[in-house]
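The residues of the chain are indexed from 1 along the displayed sequence. We use all heavy atoms of the structure for the numbers below, so side chains are in, but hydrogens, waters and symmetry mates are not. Everything numeric in this text was worked out from a predicted model, so none of it was measured.
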Amino acid sequence: SYLASAAQHAVALSAMAPAEALRSTDQVFVPDNPQSGSQPPSPDNSGSSFPDLDALEKDKKMPAPQREIHPTQLGLRYQPPVLVIQYTEVSKSDEKGNPSEEGGPTQRSIHRVPLDPIKVIRKKTKELVASLKNDPTHGPFVRNVEDDQLQCLIRRLRTALAESFAAEDKPCRAVGDSASNWGGAPRPMRRGRSERPLPSTSKAARVASTAGPSKLARPAGPDINAADETWPFGAWASWSGSVASIGRSSVQDSFEVFRTSRGVDGIADSFAQLFRDATAEIDGETARGSASSAMPLDTIRTAVGSQRRLARVLWERLEAKQEAEEYCSRPLTGHRVVLVGAGPCGLRCALELRLLGAEVVVLERRTKFERINRLHLWAWCCEDLKGWGAKVLEPPELSFGSDPDFLHIGISELQMLLLKPCLLLGVQVFFGAEFRGARPMASGSWDVLFGSSNDAAPGPRLPSSGHLSNVSILVGADGPRSTVASSLALPVQETTGLRKEAALGLVANFVNRQSAEEKRRRPFSLARQFYESLFAECEKQTGVALENIVCYIAAHTHYFVMTPTRKSLVNSGVIKAEAVEGETLGSIDQEALARVARDVAAFKWRPEDPVMPEATLDQPAGAPALFDFSRTRRAGTGFQVLEGAAATPGSSAPKLIVGLCGDALIEPFWPEGLGVVRGFFAALDFAASCKIWAQSGDIDAASAQFEAAYRQLKSLAAKTRSAVLRPDDRAFGLHPTTRYRFAAVEGKTRGRANSAPAMPRG
């Protein structure tokens, strides 16, 4: 196989003596004589890429002619790794090498650049491209090639090589030494216009140059087959080519539509249009032929280019995610993951597992993102979202995070933001799909059962088989009453607060009409213990006693969330006095609740702000809602291994890793805004434990790591933040020890905050 040969070549090249390795990376210049019928090498060509060195030395003694080189086609070869460049040259000298004003004949030739696999894996993509362009030997052949095209080829080669190293348990680093692969100091990237990508020389070479490594991405985990009809490989890419097109448009314009698209339908349609235009831009037959296995980001990034600032920033951020050291080995390559729930934490977990190399399918029962309530964000969450495209992709607006005192985002806005990088990275998200259980199979694997609840759902359809086979990991991110947890009998605990009466929260949204008065209003967060007279005046005017109130102002809504006392709601007629504890929410008078929400929003909370206009108060964005946060649910464990029956006597039983994240793992305490930060941390903790399991095969070590992190996560709150988390949130990463304060010291832990057991490094 290409993969095995690439791994063997990597080992052989790294073991060479320095002199031999140096000669192996000398220039290879092979004229292509049309009369001889020679063709550029394709990936399935088993011939050596290295030339006859004696002939090469003889050629170097000849006087170098003056020439102009124009590259026309690019290709990759994986056995061994070689960059193949077809070019035309126009000689500017006579037969003796003397300058001549009469141009010589145009010749089509081939230049090959043998690549050191170790350096391809370890060095940054931009450094490799800059070094190659500045190299005196190879530079002239690629100097007129766009950086994006070279970077795309190098990334694909790196993916195949990294996976081959992972399959043989070889170490990998994202960044190596600062020395160039070819020699010479790097120079800044060119920011010129993105040219049409150079097509490869043959159909075999074209498919290899755009999707070769992705087809090799099966070295670890269960034996899976891209032709398996029970797994939707590349479903979004294939669906994009099958839906009706609205006509061909500029790929840059299609990217802009995708960047600003809203709603599931809008994102699905704009992604399909963008992918179609991108494949047509770089040779439609090639891209669509590889759509089932290639990452859409590669095709789209190559076609869109980096001429526009926002596109360039997005590519750089996603590249930084992909090339981070903790992901470069792709340990979950070959493993299949089913994640239930496309909420913010579910999509965030899907991205982590995808970065680790897994094939990820997300099942979402709903067909739209409709939740307009807003979420409080900790500073780290804001920076994390920027790494996934916030302030480039919309929503949220480009002003996201501009006010550090009021960091917030709408739930549906966060879902739309995270859905876009999911589609770009090849996460297969299915809407209108309902999880119906998991079962062990006699073949020694696990299947996940699903049903389709809406045939008109946007995006592609799941396989007609009704099940997804050979699943390694199942994740429940479907809320506090998780169907994953209940169907598999995972333990769930319920906690209650110390206060005697119910802790109630009231949420109300009003349409932001962008009037002059509304634009002068500012967000606020107030607590009664600090503003007693103000809250007393509100109670006098509205009849509602509040403990605190928060107002967030977004582009489309005014969001209010407050904590009224149960007694004042009874006096206002919102709930019945005879309602017993635990049944309060079943006795709500919706008309009285809407009146109370309107009166509180109309109160002048800040003297310097104008009151809310009557037209805005008369236009609520949905009905107000009352919720009870006096009881919260949390899972007994968020990382569990299920075993089925062995297929044959003496064989190992099939194992399925089941995880929980988001509200399915631990329901947040609303007043402290813990939902997003706990949910994102849980996604990282679970992915880190899966990495431990994939690399070592040690289930116990993976489970122990997650449980240690989970104990820290449960104790995380606004008051305990400095005791639980490390002070530098810029260093937060995948492994829990980069975020939580506890650290292993000779197998033990120190200090009260370090009471969790030591965690193995992954």
Side-chain angles (χ1 to χ4, degrees), residues 232 234-279 291 296-297 299-300 304 314 339-344 346-348 350-351 360-374 388-390 392-397 409-435 450-463 477-478 509 511 554-557 621-622:
W236 274 85
S238 300
W239 173 79
S240 298
S242 64
V243 296
S245 175
I246 60 175
R248 175 75 186 279
S249 59
S250 163
V251 68
Q252 284 79 16
D253 292 341
S254 297
F255 171 78
E256 184 64 18
V257 173
F258 172 72
R259 186 187 70 80
T260 58
S261 58
R262 289 177 174 268
V264 175
D265 291 286
I267 293 173
D269 293 342
S270 62
F271 175 82
Q273 185 68 37
L274 173 60
F275 191 78
R276 282 195 303 270
D277 292 341
T279 55
L297 174 63
T299 300
I300 293 171
V304 174
L314 180 61
L339 194 148
V340 182
L347 295 176
R348 185 65 184 82
L351 287 169
V360 182
V361 164
V362 178
L363 304 179
E364 171 54 50
R365 180 173 53 87
R366 298 181 178 89
T367 59
K368 296 181 180 180
F369 294 152
E370 297 179 312
R371 291 184 287 177
I372 62 175
N373 290 344
R374 304 196 71 78
W388 288 111
V392 174
L393 300 172
E394 298 180 44
E397 284 68 27
I409 189 172
I411 298 176
S412 61
E413 291 178 353
L414 183 50
Q415 290 175 284
M416 287 183 269
L417 168 64
L418 293 175
L419 176 61
K420 294 178 182 181
C422 279
L423 298 181
L424 291 172
L425 293 179
V427 175
Q428 309 304 324
V429 184
F430 294 91
F431 295 94
E434 189 172 357
F435 170 76
F450 63 85
S452 178
S453 60
N454 192 330
D455 293 335
R461 298 290 175 268
L462 281 160
D478 48 344
N509 289 274
V511 174
H556 303 284
T557 59

Contact check, side chains of [X] and [Y], non-hydrogen atoms, under 4.5 Å:
X      : Y      : answer
Phe430 : Val362 : no
Leu351 : Cys422 : yes
Pro460 : Ser238 : no
Ile300 : Phe271 : yes
Arg262 : Ile267 : no
Phe258 : Leu424 : yes

Which atom pair, heavy atoms only, marks the closest approach of [X] to [Y]?
X      : Y      : value
Leu419 : Leu347 : N-CD1, 3.9 Å
Leu417 : Pro395 : CB-O, 3.6 Å
Trp388 : Leu425 : CZ3-CD1, 3.8 Å
Glu397 : Ala555 : OE2-CB, 3.6 Å
Ala272 : Ser240 : CA-OG, 3.4 Å
Asp277 : Ser250 : OD2-O, 4.3 Å

Supply the atom-to-atom distance [X] [atom1] to [Y] [atom2], rounded to the nearest 0.5 angstrom.
X      : Y      : atom1 : atom2 : answer
Phe450 : Leu363 : CZ    : CG    : 7.5 Å
Gln273 : Asp253 : CD    : CG    : 10.5 Å
Thr557 : Ile372 : OG1   : CD1   : 6.0 Å

Original post:
How far apart are the C-alpha atoms of Leu393 and Leu314, what are their side-chain angles, what is the distance that settles it, and do they pass the side chain to side chain contact (heavy atoms under 4.5 Å, CB included) test?
Top reply: CA-CA 8 Å; Leu393 300 172; Leu314 180 61; 3.9 Å; yes
**OP:** Determine, stepwise, if the pair Val257 / Leu274 fulfils side chain to side chain contact (heavy atoms under 4.5 Å, CB included).
**Re:** CA-CA 8 Å; Val257 173; Leu274 173 60; over 6 Å; no
Partners meeting side chain to side chain contact (heavy atoms under 4.5 Å, CB included) with [X] (sequence neighbours left out):
X      : value
Arg371 : Pro344, Ile411, Gln415
Val511 : Arg513, Gln619, Ala621
Ala268 : Trp236, Trp239, Pro458

Answer yes or no: is there a donor N or O on one side and an acceptor on the other, between the side chain of [X] and the main chain of [Y], under 3.5 Å?
X      : Y      : result
Gln428 : Val361 : no
Lys420 : Gly389 : no
Arg366 : Gly432 : no

Can you list the residues that meet the side chain to side chain donor-acceptor pair (under 3.5 Å) rule with [X], with sequence neighbours excluded?
X      : answer
Glu413 : Arg374
Asp265 : none
Glu370 : none
Ser270 : Ser261

Subject >> Phe369: partners by ring-ring contact (aromatic ring centres under 6.0 Å, His included), with sequence neighbours left out >> reply: Phe431
Original post:
With sequence neighbours left out, what residues match Phe255 under ring-ring contact (aromatic ring centres under 6.0 Å, His included)?
Top reply: Trp315
